[in-house]
Peer 1: 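Here it is: the structure, laid out below.
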Amino acid sequence: MTKTNQPMGPQTTAIHAGEGPDPTTGASAPALHMSSTFVVEEAAGFSAHDLDDNSGFLYSRWGNPTVAMLEQKIAAVEGAEACLCLASGMAAASAMFFTFLSAGDHAIVSDVSYAGVAELARETLPRMGIEVSYVDMSDPANLAAALRDNTKLVHCETPVNPICRLTDLVAVAKLAHDAGALLSCDATFASPLGQDCVALGVDLIMHSITKYIGGHGDAVGGAICGRRDLIGQLRAEAAIHHGGVLSPFNAWLIARGLSLLPLRMRAHYEGAMAVARWLEDQPSVTKVIYPGLPSHPQYELSQRQMTNPGGMIAFQVGSAEQGTALTTRMAAELEVIHHAVSLGHHRSLIFWMGTDGLMETSFHLEGQQLESYRAYAGDGVFRFSVGLEDADDLIADLARVL
Ligand SMILES: *Cc1c(COP(=O)(O)O)cnc(C)c1O
């Protein structure tokens, strides 16, 4: 990145990594290269097997200069050796599953996860001959009990969507590695600034870059960071063969968002902390779950593991009926906060996640696992992505409906 290779702070890294003045034009800002193909000056192979680190650009499904600029930026901010970007967060999740798992393998997936990932793990992987166990990883003992000789991949998510429950990454990384499995973590809620996944032992760090990394709600994309060899395997299989690559235009937008991520995450944290504290004082709010609050059931872990508790809050307002009634009021009456799915944008977004509905469509939990979920979510939570608006305006907006 720099001529002297001097380590830089996170905000400098986010601005400068992967880019530099254009050698021919002197342009200071990164270029948008929409070219699908590249003129090749010497004989070259035409197979993913010919790909190596020194390959130039050949065709944009293999690699594109604007996408490569974003990949270098994300890897640098994450502190990882390499990064692969794909067309969405779900493309990143399916890339990891279908690159590192084969028929006859066993995978362990968090019993609560992003709904799309939960459904992929429950419906599609078993159809491919992959055995899957669903484990509440907030207690590493549950993971220890589920590991088998043929476990190849352990997939967790922390903080987990939508209940902000945490997983102790050091503990689960040790268990997975001792069993010869890779550990993947969906770190979308945390963002690369929320926890140092590489130092904590995660092999494959996945982000929906639609969320905090892009940060503006205008482009869908996904990314996986990790060691160069693992990312090389992913690129050959998931990008070149499965083909769900990120468009250069989205990469350009997302890189622009990423360049201010450290600044934004500080502001998300400040706003979320102010709103979470206010929510805790509201008589109609029965529970607030935010990793930055001392009332979080895993506050000790949050303090030890997270470098920024982020901008995601879950809160309860009593029964499912009270939740759905409030949803209706929010959809009609909120003036600043958008009643919409997604998260991590500069605009605040809020959405009701009813427990019974999610159990039916996505998680199918019973017994101890359902109890653990309900200890966080009760009958349901509002998933509140605190944006970058002034906290006083967000509080006034919520006060209108609560
Ligand atoms: C949104 C999201 C995904 C899926 O990402 P897309 O970009 O929508 O495909 C995966 N995991 C988490 C935690 C998410 O919030």
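Heavy atoms only: backbone and side chains are in, while hydrogens, waters and symmetry mates are out. Whatever order the structure lists ligands and atoms in, that order sets their numbers, starting from 1. Predicted model, so just to flag it, every value in this text is computed and none were measured.
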Peer 1: Using a 4.0 Å heavy-atom cut-off, which part of Leu343 comes near ligand 1: side chain, backbone, both, or neither?
Peer 2: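 The part of Leu343 near ligand 1 is the side chain, not the backbone.
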
Peer 1: Can a donor-acceptor pair be found between the side chains of Arg266 and Asn308 at a distance below 3.5 Å?
Peer 2: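 No, no side-chain donor-acceptor pair sits under 3.5 Å.
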
Peer 1: Is there a heavy atom in Val117 that sits closer than 4.0 Å to ligand 1?
Peer 2: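 Contact absent.
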
Peer 1: Taking only heavy atoms of Met90, which atoms of ligand 1 are found under 4.0 Å from at least one of them?
Peer 2: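 Counting atoms of ligand 1 from 1, those under 4.0 Å from Met90 are 4 (C), 5 (O), 6 (P), 9 (O).
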
Peer 1: Return yes if a side-chain donor-acceptor contact under 3.5 Å exists between Asp136 and Ser372, otherwise no.
Peer 2: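 There is such a pair (donor and acceptor under 3.5 Å, judged by atom type) between the side chains of Asp136 and Ser372.
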
Peer 1: Counting from 1, what ligand 1 atoms have a heavy atom of Gly221 closer than 4.0 Å?
Peer 2: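 Under 4.0 Å from Gly221, ligand 1 has these atoms: 7 (O).
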
Peer 1: How about Ser110 and Glu157: does a side-chain donor come under 3.5 Å of a side-chain acceptor?
Peer 2: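 The criterion, which ignores hydrogens and geometry beyond distance, is not satisfied for Glu157 and Ser110.
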
Peer 1: Pairing donors with acceptors under 3.5 angstrom, does anything connect the side chains of Tyr373 and Gln368?
Peer 2: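 On atom types as modelled, these side chains do not qualify, holding no pair under 3.5 Å.
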
Peer 1: I'd like to know whether Leu86 forms a side chain to side chain contact (heavy atoms under 4.5 Å, CB included) with Ile224, so could you lay out the CA-CA distance, the side-chain angles of the two residues, the decisive distance to 0.1 Å, and finally the verdict.
Peer 2: CA-CA 8 Å; Leu86 292 163; Ile224 308 149; 4.2 Å; yes

Peer 1: Tyr212 ring centre to Arg264 NZ or CZ under 6.0 Å, with the angle to the axis within 45°?
Peer 2: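 Cation-pi check for Arg264 and Tyr212: fails.
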
Peer 1: Contact between ligand 1 and Ser342 is defined here as a heavy atom of the residue under 4.0 Å from a ligand atom; is it met?
Peer 2: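 Distance cut 4.0 Å: Ser342 fails for ligand 1.
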
Peer 1: Using distance alone, decide if ligand 1 has a nitrogen or oxygen within less than 3.5 Å of any nitrogen or oxygen in Thr210.
Peer 2: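 Yes, there is a polar N/O contact under 3.5 Å.
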
Peer 1: What protein heavy atom sits nearest atom 4 (C) of ligand 1, and how far off is it?
Peer 2: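 Closest protein heavy atom to atom 4 (C) of ligand 1: Tyr114 CE2, 3.4 Å.
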
Peer 1: Between His33 and Thr66, do the side chains contain a donor N or O and an acceptor N or O under 3.5 Å apart?
Peer 2: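 No.
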
Peer 1: Taking only heavy atoms of Glu157 into account, list the atoms of ligand 1 that are under 4.0 Å away from them.
Peer 2: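 The list of qualifying atoms is 13 (C).
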
Peer 1: Among all protein non-hydrogen atoms, which one is nearest to atom 11 (N) of ligand 1, and what is the separation to 0.1 Å?
Peer 2: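 For atom 11 (N) of ligand 1, the nearest protein heavy atom is Asp186 OD2, 2.6 Å.
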
Peer 1: Closest non-hydrogen protein atom to atom 15 (O) of ligand 1, residue and atom name please, with distance?
Peer 2: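 Result for atom 15 (O) of ligand 1: Lys211 NZ, 2.7 Å.
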
Peer 1: Pick out which of Glu300, His296, Met137 makes a side chain to side chain contact (heavy atoms under 4.5 Å, CB included) with Leu166.
Peer 2: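 Exactly one pass, corresponding to His296.
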
Peer 1: For atom 6 (P) of ligand 1, find the nearest protein heavy atom and state the residue, atom name and distance (0.1 Å precision).
Peer 2: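 For atom 6 (P) of ligand 1, the nearest protein heavy atom comes out as Gly89 N, 3.3 Å.
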
